[in-house]
Amino acid sequence: MSTLAIGGLLSHPALSEIIKTEGKLKVALVGTGIRGITYWGKRLMTEYPDIVEFVGLCDINKGRLAFGKDYIGTECSTYPDFDEMLSKSKPDLLMVTTVDATHDEFIIKGLGQNIAVFTEKPLTTDEVKCQAILDAERKSDKDLIVGFNYRYNPHYTMLKEILNINRVGKITSVDFHWYLNVYHGASYFRRWHAYKEKGGSLWVHKATHHFDLLNWWLDSDPVEVKAYGELEHYGKNNSFRGKSCRQCEFKDTCKFYWDITRDDFLMKLYAANEKYDGYVRDSCVWREDINIYDKMSAQIKYANGVLVNYSLTTYSPYEGMRIAFNGLDGRIDAWDGIPWQREKKLAQSQLHAQEMNQEIESSDFEEIYVMDNFGEYEQIKVDRESGGHGGGDKRLQDKIFVDPNAQDPLKHSAGSRDGAMSVLIGIAARKSIEEDRVVKISELTDLKSKPVRN
Ligand SMILES: NC(=O)c1ccc[n+]([C@@H]2O[C@H](COP(=O)([O-])OP(=O)(O)OC[C@H]3O[C@@H](n4cnc5c(N)ncnc54)[C@H](O)[C@@H]3O)[C@@H](O)[C@H]2O)c1
């Protein structure tokens, strides 16, 4: 057994430039939904009160905007109109936490006014918007930061360290499979994520995390993608359906019945504000107009020759992932959340809530196995953290707000090119299914794939 030190602090030009030595960082945020008001709202107010101040909040839903202000605990002004917020609040940093397909509008406007922008993943949902964002950043004096919190998860950081030292020789292929359980997976089919035009499908909304990890771990860019996908569990694939879980006549029989009324916070954030925009948080997972895939599989070829086999499942009994890196001299295996590989039984129904919770609890360890060809295997243990995306959320914020000038030996920090390369794999996968062909990354934007990044 061995333990490698987890290093890697953030050095991001976009950040070091805007973090002030005197006075607080003025932040304006658009999108006062759950991610915006919890992780980027209340948490900033609680953890960095001496570093950050909110100068404006914006959302198209006036009820959610008012609730968000109250929940965050800020005295700043609220704006139903984004342009007004940008001109009046004069932020140092704009944070974009809206519905995925709308990110481009705010990113481009922010950069256009030479304001540094942070956007939640995914960068955007199609290649035209992606190109427009890249063009806007090139014209701007300021940079874009993309919130890839998964990179900061200690388990994934350890994989990066092992890969960086070429522990099993040149990597030639990767097997990567992600499993969303029937609680977390279903949650994407209850709301806007269920429509390609809003979230780009889970190829983009969810898999952007996984494709970014691959790009970062392999330190190379994708060149082409062939994908398959179907919708054969959720959506039209059921004999009955209702409007929402609250109004459903099949409450007693539907295994996917979800009682939002038991969660006071979600009732106040979403249900109380449905009247303004018709956004129903507990919509039926069997809606006939759902148009995303619920099983997805892709082969991705990288500029350094690595071949990746990737899949995403959305109705697994358990939440987890498996990954293996095949090298010329051996293999690296890792996994998360596989129930029978842990001594403790995991309550699948609780996992999603725990994951969204920003309280970090350290609970035993994650494993990585490294095995040499003709040799022995080595077990590497990494302290496990539950909550806030495996501890990645907290680390990302600490590095943004506390010490942006620190060294970044493992290249944790992510900008527009990283955001683009990860969504372009998902966009290529979607196109590959729709057009039944191999899609080249170079078809999509003017970015050129590099065998070694930087
Ligand atoms: N990094 C992560 O792990 C992570 C986790 C959760 C969510 N996210 C991302 O955060 C973002 C928000 O997700 P969420 O779960 O909070 O969604 P949400 O539905 O709770 O909130 C989205 C908010 O955006 C608002 N909005 C939509 N269009 C708008 C517009 N044109 N102008 C202003 N406001 C608008 C909505 O009214 C809503 O309040 C998404 O991009 C999502 O992908 C990232």
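Note that this is a predicted model, so its numbers are computed, not measured. Note that ligands are numbered from 1 as they come in the structure, with each ligand's atoms numbered from 1 the same way.
Of all atoms in ligand 1, listed by their number and element, those nearer than 4.0 Å to a heavy atom of V99 are 24 (O), 27 (C). Within the listing of ligand 1, atoms 43 (O) sit less than 4.0 angstrom from a heavy atom of P122. Near Y270, with a cut-off below 4.0 Å to any heavy atom, the atoms of ligand 1 are 18 (P), 20 (O). Listed by number with element, the atoms of ligand 1 under 4.0 Å from a non-hydrogen atom of R191 are 15 (O), 17 (O), 18 (P), 19 (O), 20 (O). Counting the atoms of ligand 1 from 1 in the order shown, those under 4.0 Å from a heavy atom of H205 are 42 (C), 43 (O). Every atom of ligand 1 is numbered from 1 in the order shown, and the set under 4.0 Å from a heavy atom of V30 is 33 (C). For ligand 1, the atoms lying closer than 4.0 Å to a non-hydrogen atom of I34 are 14 (P), 15 (O), 16 (O), 20 (O). Within ligand 1, counting atoms from 1 as listed, the ones closer than 4.0 Å to a heavy atom of R64 are 36 (C), 37 (O), 38 (C), 39 (O).
Aromatic ring orientation, Y310 versus W203: tilted (interplanar angle from 30° to 60°). Aromatic ring pairs are classed by plane angle as parallel below 30°, tilted from 30° to 60° and perpendicular above 60°; the pair F176 and W178 is perpendicular. Relative orientation of the Y150 and H209 rings is parallel, given thresholds of 30° and 60° on the angle between their planes. The aromatic rings of F118 and W40 lie tilted to each other, with the angle between the two planes from 30° to 60°.
A salt bridge links R453 with D418: at least one charged nitrogen is closer than 4.0 Å to a carboxylate oxygen. For the pair K268 and D264, the salt-bridge criterion is met [side-chain N within less than 4.0 Å of a carboxylate O]. Salt bridge status for D221 with R417: present, with a side-chain N to carboxylate O gap under 4.0 Å.
Look at H193 and you'll find every heavy atom at least 4.0 Å from all atoms of ligand 1. Between Y39 and ligand 1 there is no heavy-atom distance shorter than 4.0 Å. At least one heavy atom of H209 sits less than 4.0 Å from an atom of ligand 1. Heavy atoms of E105 stay at 4.0 angstrom or farther from ligand 1.
Aromatic pair F256/H233: ring centres closer than 6.0 Å. Taking the centre of each ring, Y270 and Y279 come in below the 6.0 Å mark. Residues W216 and F148 place their aromatic rings such that the two centres sit no closer than 6.0 Å.
With a 4.0 Å cut-off on non-hydrogen atoms, T97 touches ligand 1 through its backbone and not its side chain. Contacts between K121 and ligand 1, counted as non-hydrogen atom pairs separated by less than 4.0 Å, involve both the backbone and the side chain.
Not one N or O of G36 is nearer than 3.5 Å to an N or O of ligand 1, by distance alone. The distance criterion of under 3.5 Å between nitrogen or oxygen atoms is not met by D393 with respect to ligand 1. At under 3.5 Å, not a single nitrogen or oxygen of N61, backbone or side chain, sits near a nitrogen or oxygen of ligand 1. Looking at T102 next to ligand 1, no N or O pair under 3.5 Å apart turns up. For ligand 1, none of its N or O atoms has an N or O atom of D277 under 3.5 Å away.
The heavy atom nearest to atom 32 (N) of ligand 1, considering only F82, W40, F106, is found in F106. With distances taken over non-hydrogen atoms, the option nearest atom 25 (C) of ligand 1 out of D59, V204, T98 is D59.
The one candidate from R281, K243, R246 that meets the salt bridge (Lys or Arg N to Asp or Glu O under 4.0 Å) condition with E274 is R246.
I133 CD1 to E137 CD: the interatomic distance, rounded to the nearest 0.5 Å, is 9.5 Å.
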